[in-house]
K.L.:
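One structure is given below, represented as structure tokens, and several questions about it will come after.
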Amino acid sequence: MATSALLLLLALPAGAWPGLRLPQRSCVHCCHPAWPPAAPGLHAHLSNEEEWVWLPRVRPTIDISILKGEKGEAGVRGRTGRSGKEGPPGSRGLRGCKGQKGQAGPPGARCQRAYAAFSVGRREGLHSADNFQAVTFDTELVNLDGTFDLASGRFLCSVPGVYFLSLNVHTWNYKETYLHIMCNRRAAAVLYAQPSERSVMQTQSLLLPLAAGDAVWVRMFQRNRDNAIYGEHGDLYITFSGHLVKPAAEL
């Protein structure tokens with residue numbers, strides 16, 4: 001029924017409805033726009049008799065995704081650039097976990113350690129008969145590599161280094177005992193005992209650096225008093241010993 005009424009209304013002429021007034025447009029040429037240009041933004045004027053009418057602002061929207069093409073192929077790799085300056089060292093990192101135990105390596109070369117030692121003795125007593133007299137020995141206790149000559153009483157150094165030397169004697173009653181431990185022609189140490197009615201054991205020891213070819217020996221020299229050391233064939237009272245403490249290569 002509402003549809004029939006609407007059709008009837010449209011079929012009637014405009015003058016048939018006294019209370020109804022429709023806006024009338026003025027004629028325009030085809031080369032001119034039907035509507036005056038709108039003011040920037042919001043409204044436009046239809047005619048001299050009509051009021052301004054608000055017009056909506058239309059903003060076109062373009063979907064960029066439909067314009068995006070397919071991904072192209074990778075280009076040729078360029079040349080490597082110059083190395084930059086070395087930066088400052090960073091802070092020390094955290095300590096890592098303990099690694100696994102490695103395999104045992106091959107056995108090393110055998111250590112070649114140098115040795116030198118001697119120990120000799122004299123069983124027969126000795127009295128000074130000259131200004132300087134070398135003390136000879138008749139008993140060999142230790143003589144590595146034959147470096148000590150009993151007949152001359154001299155040890156000839158073949159392995160340079162620091163040696164420990166020791167001289168032990170027994171004094172004679174009422175006689176003076178005066179001996180030197182010699183290094184080449186230099187007196188390195190003295191063993192001395194004053195005359196006494198009782199005989200005693202006297203000893204002297206020292207550490208001495210020796211070079212290859214140095215000779216170590218003991219000498220007695222004659223003084224105003226009788227100078228002597230006691231000995232007998234049954235026991236060994238006079239001994240002279242020395243050994244290498246540390247070779248020069250390890251100093």
Side-chain angles (χ1 to χ4, degrees), residues 112-251:
Q112 300 293 330
R113 184 176 178 85
Y115 293 95
F118 70 89
S119 182
V120 294
R122 181 183 175 96
R123 298 183 182 277
E124 185 179 354
L126 182 65
H127 289 76
S128 60
D130 200 352
N131 291 334
F132 297 103
Q133 179 181 354
V135 178
T136 60
F137 299 87
D138 52 29
T139 304
E140 183 182 283
L141 302 175
V142 174
N143 190 10
L144 297 182
D145 300 327
T147 53
F148 196 96
D149 183 22
L150 294 178
S152 63
R154 294 173 183 261
F155 164 74
L156 187 64
C157 176
S158 60
V159 181
V162 177
Y163 283 76
F164 176 80
L165 303 174
S166 176
L167 174 63
N168 296 274
V169 299
H170 194 282
T171 63
W172 209 304
N173 294 359
Y174 303 105
K175 294 182 181 181
E176 186 179 46
T177 302
Y178 206 132
L179 301 169
H180 282 154
I181 298 177
M182 302 292 295
C183 178
N184 298 324
R185 295 180 177 273
R186 175 178 62 89
V190 175
L191 186 151
Y192 177 76
Q194 291 182 344
S196 174
E197 62 181 7
R198 299 180 59 185
S199 60
V200 295
M201 294 292 296
Q202 290 286 97
T203 184
Q204 175 66 282
S205 60
L206 73 158
L207 284 170
L208 195 64
L210 298 179
D214 284 347
V216 177
W217 51 291
V218 178
R219 80 175 181 185
M220 177 186 291
F221 59 97
Q222 189 175 13
R223 289 163 56 88
N224 297 329
R225 299 178 180 179
D226 191 9
N227 185 11
I229 50 177
Y230 178 79
E232 60 183 38
H233 294 285
D235 297 315
L236 189 63
Y237 288 93
I238 306 167
T239 60
F240 182 39
S241 304
H243 67 271
L244 177 66
V245 176
K246 195 167 188 178
E250 299 180 11
L251 296 177

K.L.:
Who are the side-chain contact (heavy atoms from CB on, under 4.5 Å) partners of Ser196, not counting sequence neighbours?
P.N.:
Arg198
K.L.:
Please list all pairs passing the salt bridge (charged side-chain N to carboxylate O under 4.0 Å, His left out) test where one or both residues lie in residues 143-157, with sequence neighbours left out.
P.N.:
none
K.L.:
Checking Arg225 now: which residues fulfil side-chain hydrogen bond (donor to acceptor under 3.5 Å, both in side chains) with it, not counting sequence neighbours?
P.N.:
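Arg225: no side-chain hydrogen bond (donor to acceptor under 3.5 Å, both in side chains) contacts found.
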K.L.:
Any side-chain heavy-atom pair from Val218 and His180 closer than 4.5 angstrom?
P.N.:
no
K.L.:
Using the side-chain hydrogen bond (donor to acceptor under 3.5 Å, both in side chains) criterion, which residues pair with Thr239? Sequence neighbours excluded.
P.N.:
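side-chain hydrogen bond (donor to acceptor under 3.5 Å, both in side chains) check on Thr239 returns Asn168.
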K.L.:
Run the side-chain contact (heavy atoms from CB on, under 4.5 Å) test against Arg185 and tell me which residues pass, sequence neighbours left out.
P.N.:
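With sequence neighbours excluded, Arg185 shows a side-chain contact (heavy atoms from CB on, under 4.5 Å) to no residue whatsoever.
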K.L.:
Who pairs with Tyr163 by ring pair (Phe, Tyr, Trp, His ring centres under 6.0 Å), at least two apart in sequence or on another chain?
P.N.:
Phe155
K.L.:
Measure the spacing between CG of Asn143 and CG of Leu150 and express it to the nearest 0.5 Å.
P.N.:
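Here the interatomic distance stands at 6.5 Å.
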K.L.:
Would you list the pairs meeting ring-ring contact (aromatic ring centres under 6.0 Å, His included) in which at least one residue belongs to residues 183-215, sequence neighbours left out?
P.N.:
Tyr178-Tyr192
K.L.:
Pairs under 3.5 angstrom only: tabulate donor-acceptor contacts from the side chains of residues 119-127 to other protein residues two or more places apart or in another chain.
P.N.:
from   : atom 1 : to     : atom 2 : distance (Å)
Ser119 : OG     : Ser241 : OG     : 2.8
Arg122 : NE     : Glu124 : O      : 2.7
Arg122 : NH1    : Thr136 : O      : 2.9
Arg122 : NH1    : Thr136 : OG1    : 3.1
Arg123 : NE     : Thr139 : OG1    : 3.4
His127 : NE2    : Lys175 : NZ     : 2.5

K.L.:
Are Trp172 and Asp226 packed together at the side-chain level, in the sense that at least one heavy-atom pair is separated by less than 4.5 angstrom?
P.N.:
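No; the side chains remain at least 4.5 Å from each other.
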K.L.:
May I ask you to test the Leu167-Thr203 pair for a side-chain heavy-atom distance under 4.5 Å?
P.N.:
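A side-chain contact is absent here, since even the closest heavy-atom pair is not under 4.5 Å.
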K.L.:
Who are the side-chain hydrogen bond (donor to acceptor under 3.5 Å, both in side chains) partners of Asp214, not counting sequence neighbours?
P.N.:
Asn184
K.L.:
For Phe164 and His243, take the angle between the two ring planes, folded into 0 to 90°, and tell me which bin it lands in: parallel under 30, tilted 30 to 60, perpendicular over 60.
P.N.:
tilted
K.L.:
Taking only residues two or more places apart in sequence or in another chain, which ones pass side-chain hydrogen bond (donor to acceptor under 3.5 Å, both in side chains) with Tyr230?
P.N.:
Glu232
K.L.:
Side chain of Gln204, backbone of Val190: donor and acceptor closer than 3.5 Å?
P.N.:
yes
K.L.:
Check ring pair (Phe, Tyr, Trp, His ring centres under 6.0 Å) between Tyr174 and all other residues, then give those that pass, not counting sequence neighbours.
P.N.:
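Ring pair (Phe, Tyr, Trp, His ring centres under 6.0 Å) check on Tyr174 returns nothing, list empty.
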K.L.:
How would you list, by chain and number, every residue that makes a side-chain contact (heavy atoms from CB on, under 4.5 Å) with Ala212, sequence neighbours excluded?
P.N.:
Pro160
